[in-house]
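The structure appears below as structure tokens.
Only this structure's heavy atoms are used, side chains among them; waters, hydrogens and symmetry mates stay out. Here is the naming used below: chain letters follow the sequence lines, and residue numbers restart at 1 for every chain.
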Amino acid sequence: MSEVAVRVSGVSKRYPMRPQRGRFHSLKGALLRGELWAREQAKDGFLALSGVDLEIARGETVAVIGPNASGKSTLLKLVAGILHPTSGTVEVAGRVTALIELGAGFHPEISGRENVVINGMMHGLSRAEVQRRLPWIVDFADVGPFIDQPIKTFSSGMYVRLGFAVAVAAEPDVLVVDEVLAVGDQAFTHKCLDRIAALQRRGTAILLVSHDLALVEQLAHRTLYLREGRPVMSGHTPAVVSRYRSDVASQEAGEAASEVRVGGKRWGNNAVVLTSVELLDGQGRAVGSVRTGEAAALRLAYHVREPQEDFVFGIAIHREDGSHVFGTNTDLDGFRPQRLDQDGEVRIEFPSLQLAPGRYLVDAAVHAVGGLAYDYACEVCTFLVTAPVGWPGCYAPAHRWRFSGPAFEAPPSEP
Amino acid sequence: MGVAAGAGALSTAGVGIQQLLVTLHRQRGLILVLVERELKARYRGTVLGYLWSLLNPILLLAVYSLVFTLVIPARVPTHVPYPLFLFAGLLPWLFASGAMLDASVVLLDNGPLLKKVMCPPEVFPAVTVISHLVHHLLALPVLFVGIGVAVLAGRATFPLTVLLAPLALLPWVVAVSGLVLLIAALAVHFRDLKDLLHNLLSLLFFLTPIIYTPELVPAGMLRRLVLANPVTPMIQVYRDVLLLGRIPPLAVWGWASLVALVCWGLGTAIFMRLRETLVETV
């Protein structure tokens, strides 16, 4: 586990459905008839999570999204070690800090300072380490002289700020966050996000549960989409988030969740279907590769099954490692849909495709403005960008060198 | 884990106890801070503060002295004044019953810490035992001053056996630790336990020779019951050593130690058995 910080393999969690009185029928029964020692009936209960696999590398941030009761928080508590899996294994390398409820366990009667010491120690710091970080915590939480007052005199904003400050001060190897980044005012939210970014750079692996999809898109490298305790889709964030938005939209429209095809990489209700997605060169021929800086286009051919008046065509280009390169859609570029009632094609043309050499993957989609997918196809097309010399990165802007004096001989054949 | 056979259950219990000790040792810093919090929060906002730890037992001793010398003059067949006799029996009892009553709510009260922060559940019973032990130790000087006063009045001799006090206290600490673990874990699953415990403890109080000596109980059924009560030898050891100045017979000492070890073994085994279910049930 050198680079992998969290490894969740085949994990299921079953919550016992207990009778009103609890797990055992009676105290007498538990003690005298040995119910205490008997294994709980594995088949009873509510399966909150089933067959979940997840790996998070050091410095990586993974988000978990899904509707309520999809098992997100359960997964988080399993990784945090608060719960134990019913089956499967959870391995975590290093110190874990859970940000589940800010300031959980602050004692109202004792001072902020004393509470910080206790909370910090619960997050795995030693007393001396907490003392050393105390000035930073007080400063970050911005509670000023209140730090020596009993917690019960704190405003709710001060309370959560102090809770957040203690938890992140621990500089954990693994941080699990449950929907708590949007606390306090705008300024503090920015501070929280800055701190999260600092932890990401430091190599902290972060598991984030949130309903705030914009935040997920901003922070998460990868995203896992859970529904009713089962993984629906996992992969690079924009695609997974789109998929989730589409499902939510179709649910609101009263339809069944979208049909899934081709190994979870393609979904939609098929009202409009993308029949092909291709890369074209400057002459309009379908090609598999193109030279850096040349003209190119992406062509999306579609077939209309049900005429639509609410539609958006979009593309996204990313690298094989999941890093996002470029993405846009007709709505973002200001085109208002009129009517789509017969088959046709959409082209997005690049007068000069300024991508660095390498392999690129294309996601293409046609969906409603609200997110409901007609057809969303991930990695539907791959192409290669070539150049006489290779270099890292993904952007290759047109460029030219200028020198103040004759320091260089001009290259032999300037194109 | 679900081992039905007796031998298997015993070996899992053995592993459990070892695990428990390892965790408690690792969390010792946290436990100490939590004990500090407990003691601080208890008297925060009161004018007298820590003095209450001393004042409470003094007032208790004063009330008992008043009642049992003036209102109902009581006699016990010992050479010390009755209030002191009573007080020396009451102190360990209050330590044990206070810790046990706290134990019945300690995990429920600290639910947020168990569920929202990763805090090993055994930390809280340990904090309960230690903070009650601290209160007990703070009350001991009152007993010694009381004995001192009685000695000056010529009503008692100073018990040199107090040097053995740690040994007399040890069975109490061991037994209370086990019972606190037992009650803390069971109370999560059986919420009735808290109310049940109150009544069981008052029954046990009167079955234990705290306000009387076994010799005062009419011979027969009742006296046999009092002598069979496992708390009896523990009270005897404690009172002999700290007040009466005699070294208890080895049999009584052995009996008390056995009671303590059984409580400890049973408590840890059941606690570790239920440990994983505690957080989800709280």
Side-chain angles (χ1 to χ4, degrees), chain A residues 13 15-16 18 21-24 26-28 30-31 34-40 42 48 74 77 80-84 95-111 114-115 117-130 150 152 163 166-167 176 178 180, chain B residues 1-6 8-9 12-13 26-46 109-121 123 127 182 185-193 196 266 269-270 273-282:
Chain A
K13 176 66 186 176
Y15 288 114
R18 291 182 176 145
R21 296 241 301 270
R23 176 179 162 191
F24 310 104
S26 65
L27 184 57
K28 191 180 78 185
L31 294 179
E35 283 171 32
L36 205 56
W37 307 96
R39 185 201 290 270
E40 235 178 316
T74 299
K77 286 183 179 170
I82 296 171
L83 297 176
H84 302 272
R95 188 164 68 201
V96 195
T97 288
L99 271 176
I100 293 177
E101 186 184 302
L102 294 177
F106 277 163
H107 194 294
E109 293 289 339
I110 61 176
S111 75
E114 288 158 330
N115 268 303
V117 171
I118 291 169
N119 232 262
M121 291 180 76
M122 284 191 174
H123 284 124
L125 295 175
S126 75
R127 192 173 194 152
E129 284 171 311
V130 184
K152 65 180 177 187
V166 183
V176 299
D178 194 352
V180 291
Chain B
M1 290 267 285
V3 187
T12 13
R26 198 183 302 137
Q27 298 291 342
R28 61 192 184 281
L30 180 60
I31 292 174
L32 287 182
V33 187
L34 284 172
V35 168
E36 221 174 279
R37 175 184 89 169
E38 191 86 8
L39 299 178
K40 268 186 186 154
R42 182 157 175 165
Y43 297 119
R44 181 60 52 96
T46 59
D109 283 355
N110 285 294
L113 286 177
L114 291 173
K115 278 172 129 147
K116 307 287 164 76
V117 191
M118 298 141 291
C119 193
V123 164
V127 170
L182 176 86
L186 287 180
V188 169
H189 286 286
F190 311 103
R191 308 277 161 117
D192 305 8
L193 191 62
L196 199 63
L266 201 67
I270 288 185
R273 172 73 200 155
L274 290 175
R275 188 175 183 273
E276 291 197 0
T277 65
L278 293 178
V279 177
E280 8 189 300
T281 317
V282 154

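Heavy atoms only, all atoms of each residue included: A/Ile100 and B/Lys115 are closest at CD1-O, 4.4 Å.
Neither the backbone nor the side chain of B/Leu32 comes within less than 4.5 Å of any heavy atom of chain A. Only the side chain of A/Leu83 has a heavy atom closer than 4.5 Å to any heavy atom of chain B. Heavy-atom distances place the side chain of B/Val279, and not its backbone, under 4.5 Å from chain A. Contacts of B/Glu36 with chain A are made by side-chain atoms alone, with heavy-atom separations under 4.5 Å and no backbone atom involved. For A/Ser126, no part lies under 4.5 angstrom from a heavy atom of chain B.
Taken from CG in B/Leu113 to CD1 in A/Ile118, the straight-line distance is 9.0 Å, to the nearest 0.5 Å.
The side chain to side chain contact (heavy atoms under 4.5 Å, CB included) with B/Arg37 is formed by just one residue from the set A/Glu109, A/His107, A/Glu114; it is A/His107.
For the pair B/Leu34/A/Met122, a side-chain contact is recorded, criterion being any heavy-atom separation below 4.5 Å from C-beta on.
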